[in-house]
Each structure stands twice: as structure tokens, then as C-alpha cells.
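Take a look at the structure set out below.
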There are 2 protein chains.
Amino acid sequence: MEAIDICADCGVRDRALCGSLSDAELATLNRLGRRRHVARDETIAWAGDDNIVCANLLSGVLKLSAAATDGREQTVGLLYPADFVGTPFAEQVDFTITALTDAELCVFPREPFERVLGDHAAMERLLLQRVLAALGEARGRMFSLARGSAGEKVAGFLLDMARRAATSGCRATPQGPLTFDLPLSRGETAAVLGLTIETASRQIRKLERDQIIALPGGRAVTILDMAALEARAQA
Amino acid sequence: MEAIDICADCGVRDRALCGSLSDAELATLNRLGRRRHVARDETIAWAGDDNIVCANLLSGVLKLSAAATDGREQTVGLLYPADFVGTPFAEQVDFTITALTDAELCVFPREPFERVLGDHAAMERLLLQRVLAALGEARGRMFSLARGSAGEKVAGFLLDMARRAATSGCRATPQGPLTFDLPLSRGETAAVLGLTIETASRQIRKLERDQIIALPGGRAVTILDMAALEARAQA
DNA sequence: CGGTCCGTTGACTCTAATCAACCTGGGTGG
DNA sequence: CCACCCAGGTTGATTAGAGTCAACGGACCG
């Protein structure tokens, strides 16, 4: 952890919540925040912990997960750069937050951050809009988890990841075959989709056999037939 | 639809968002709002519609649902009296809103309501807190939908409904056997839990056979063994 | 009295989970 | 340099649990 000298070097300054602040206002947050690096697989907060901090995610991918006592686990959300991390106003953390890749955070102590929120209506509104969007996304995923077949879940997941990759960091033209790296292992993918590793793997290989995607190696995925993939994703 | 003469006769005044407003401020909303009665099974808004209105729910139960083109449907949220209905700042309705019982709403045109929100930080904050709570609830349900067995889903659902009934309208002491009416049919229950009608029915009857609940008739449920029910709900 | 809706039950099917091997690539240590 | 090891991924065989299809019963309603 280190103090934030300056937000100027922040790669997500324009997309994160802080984008709503003037330079002067930013100074307030600046004094509050600390940069923190987290390693892959490191857990930032456990469900049930006291809710101490909020953060902006600067780089990397985080997951939110719920677990039962018997070991069953479900990923209930993924967080990407510029996303807001944490739950203001809650006394306890309700979902475990874990890094899926090395990640960098801009961390704020929760209660002081809540006070800053109160003083900056524009930022509070932006947060409200993001939480509303997250709620809509969570509800949409409820449909997929409850009613989707394994094939639909996997196809929809690859589409999501492709769309996200296309908006930054894609390796090819959006027109031709699109190649990108999944940030998740098979196991992590299965945890997101409510499947087992085996089922996730089988469905992915099936898409490959059907010439809808190619798997060039590592975690790379190439989408060969976007229309067919969309057809398999249905909802 | 009729103009709201006075909020004084509002049964949820203290629990709804408006609870954050002074009498004077309430007058602003008052001019904006209209009472609306909706009948059981009536749909207030369809997914994809222009997002015209928000509301407070005064009485009754609403559901939010997502549907696929092939007819599959999933209830992604339930709304109870004093809950806020709708999604500010969204251009389109993203989940169909339908009344599960006769219901009464206090309806506001969306954009004027958003302006009122901006002028009343306390109300905006209250909304933010509610949306955060709804997000947590949605994510928790994601776990249940994706990983829960039919038995766990049904047990958890009955516990939820019992808790809700206990906080108002229960028919017995919280100590002894607790009896309440489900506001939902088997089909609606199944739609919430991501099950079929038949599976929901079988699991409910199984709880009855196992002496954990009794079914006195109609939609009434009596919880005979709360501890056993909780054990079956697991997460 | 007939009809319809809701809930229940039974028989059967089918999808995805489970259990068990096995492969593969990358890293390590002899 | 090569043999080994190990995690992640894949594949196959089997099973369990919920879905599907079908029929039936009772309550309510006209």
C-alpha cells in the first residue's frame, strides 16, 4: 500500500466514479485513497467480514462469490477496470472478493468515503446509476443460471467476454475472426456459469468441433462464426 | 388513476422512500404522483417498453420477470409494499413488471421524478441504499438458483415468506407454529425458484409428509418445525 | 351439472453431475 | 539434457435429479 501521489497516472480516471469530480474535489479523495496491488487468487475480503473498505478497480479482474458450508461455490459477479468495488452503507461484507488476475486497486476506507459521497451529489448519482446497472445485469444472469442450458450459458459467456475484449485489447479487427484471451480458467468459468468444470469444458470443445470457435492455445479463443454463437446463446 | 389529495392516508408513508421528506417536500412529489390500482395478473410494463414511470408500491405484490422467445420465464424479483418500483435513468424497461395480487401504486413520471431525486439528497441516498440491498439479494438468489437443490430452494423460499409474513400479518405467535398465506400459486412459486410446477409441488408435499410444514388448505402454510426447515434450506 | 383452473401424482426421459482416467505443457531437479 | 511432476484440461462411463408428458382430483363458478 502506498499513498496516491497523483491521480494523473490513473488509467481509469475518466471511466471510474472519480470522473465526476473536479481536480479540486479529486484532492479530497486523493488524500483518502491508497493504491493497493493484489496478487492473482488473493482474497481481498471474505463474506461476513466487517465492511472496512471500498475501492476503484484500476486493473485486473475480480470476482464476487458466495459459498455454502459444504463447499459449493458460485461466482455472482465479475469486476473489471474502472468498476467500483465494495458495498457502501453495509456493516458486513456479503460476498467474498477475490482477484482472478493480478490487480491494482485504489482503496478508500468505507466510512470516510461515504461522507465524501454525501458531499458530491454527482458522484453519488453516478454510483447509483452503476448499482442500478449491476442490479439489471445480476437479474439477467438469474435467468441464465436458472433456465439456460449448459450450451446457452457457455455461448452467452463467450459473447460477453468477446464484447468486453472488443472494447479494449482485442487482437484483430472487429469484422474478421475475433481473438481474445479468457481471463478465467475452466474452473472459474464453470463457477460463473453454475456448471461443473467437465460440463464447461465439453461445451467449449463442442463449439470448437462445430467450427463456431477455435482454440489457438492457452486461454485464447477465436470466434469464427459470430452469428452461430449468438444463435446458441438465445436469450 | 386519480390525483393524490394527501399522503396522510398512505399506509407506507413511513417505510417508503418518501419517509425521508418533510411535509413541505412531500408536496412536490404529491403534485407529481398519481394513485393507480392494478388488478391481479395485470402487467404494468413490458421488458423493452420505453421507461416512462417509477412508483412506490402501496399494497400488493409485484413480480419482475425475464422471458425468452421460446416461452421460458424466470421471476427475477418480488416487490412488496413500500418497495420502490422501476429503474430511474434507464431508457427502457428491462424486466416485465406484473401484479401477483391486486395492488396499489403511487406512480411518478420518470424524468420529473429523477429531477426530484436530484433535489433531495436524502431520498437519493435512501434509494441508493435500497438498490444496494436489492443487488445483494439478487446475488444471493443467484447462488440458490445455480447451485441449490429443489429441496433447498423450496425450504429457503418458505422461510423467506414466513419471515416476511411474521413482520406483518401473521396469524399466530412467532413462538408457536406459524401460519401464513403464500401470495403465490404453485406456478408462480416455481417461476421464482427456477423449477417446474411439478417439482415445486412435490417438494412442498414432501415437507408436509415429513411433518415440517402443514398445509391447512388454500394457500396457507403452517411451519411446524422451524429448525428442520432451516436445516433443509442450508445456505 | 358441466367446465375450468389449480394442484397433485405417476411413469418415463434426459441433461448435467459425478466418478474415474488420461493427456498435455510447463517447470523443476537430478 | 532429460526424467519427472503437477496443475489444468479433456474425455468416457455411469448416475442422480429434475424436467416432461400424461392423467386425475377437487374447488370454484357459471
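Here the structure is a predicted model, which is why all the values come from computation and not from measurement. The chains referred to below are lettered A, B, ... by the order of the sequence lines, with proteins before strands, and numbering in each begins at 1.
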Of the candidate nucleotides [options], which contains the atom at the shortest distance from the side chain of [X]?
X	options	answer
B/T199	D/dG19, C/dA17, D/dT11	D/dG19
A/L195	D/dG19, C/dA17, D/dT10	C/dA17
B/R202	C/dG7, D/dT11, C/dA11	C/dA11

task = Show the numbers, then the answer: is there a side chain to side chain contact (heavy atoms under 4.5 Å, CB included) between A/F157 and A/I204?
result = CA-CA 11 Å; A/F157 174 76; A/I204 290 173; over 6 Å; no
Does the pair [X]/[Y] count as a salt bridge with the N-to-O cut at 4.0 Å?
X	Y	answer
B/R164	B/D160	no
B/R141	B/E137	yes
B/R36	B/E42	yes
B/D9	B/R35	yes
A/R232	A/D210	yes

Whole angstrom value for the distance that separates [atom2] of [N] from [atom1] of [X]:
X	N	atom1	atom2	value
B/R72	C/dT15	CZ	P	13 Å
B/I204	C/dT9	CD1	P	11 Å
B/L100	C/dC6	CG	P	13 Å
B/R186	D/dG19	CZ	C1'	18 Å
B/K153	D/dA18	NZ	P	8 Å
B/I197	D/dA18	CD1	P	17 Å
A/R219	D/dG9	CZ	C1'	10 Å
B/K206	D/dA18	NZ	P	10 Å

Protein-nucleotides 25-28 of chain C N/O pairs under 3.5 Å:
none

key: Spacing of A/L78 atom CG and A/L57 atom CG [to the nearest 0.5 Å]   = 11.0 Å
ask   = According to a strict under-4.0 Å criterion, is B/R205 in side-chain N/O contact with OP1 or OP2 of C/dT8?
value = yes
message = Would you say B/T196 places a side-chain N or O within less than 4.0 Å of OP1 or OP2 belonging to D/dA18?
response = no
message = Please classify the nucleic acid contact of B/G194 as base, sugar-phosphate, or nothing, using heavy-atom distances under 4.0 Å.
response = sugar-phosphate
inquiry  = Please check: side-chain N/O of B/R219 versus main-chain N/O of B/D181, any donor-acceptor pairing under 3.5 Å?
reply    = no
query = Between B/K63 and B/T98, is there a donor-acceptor pair closer than 3.5 Å when you use the side chain of the first and the backbone of the second?
reply = no
request  = Look at the side chain of B/E198 and the base of D/dC21, then say whether one donor and one acceptor between them are separated by less than 3.5 Å.
outcome  = yes
request  = Note down the inter-axis angle between the two ends of the helix from C/dC1-D/dG30 to C/dG30-D/dC1, five pairs each, to the nearest 10°.
outcome  = 20°
ask   = For the side-chain contact (heavy atoms from CB on, under 4.5 Å) test, which of B/N56, B/L79, B/V38, B/I97 pairs with B/L105?
value = B/V38
DNA chain C: 5'-proximal contact among B/R147 and B/S201 (nearest heavy atom) = B/S201
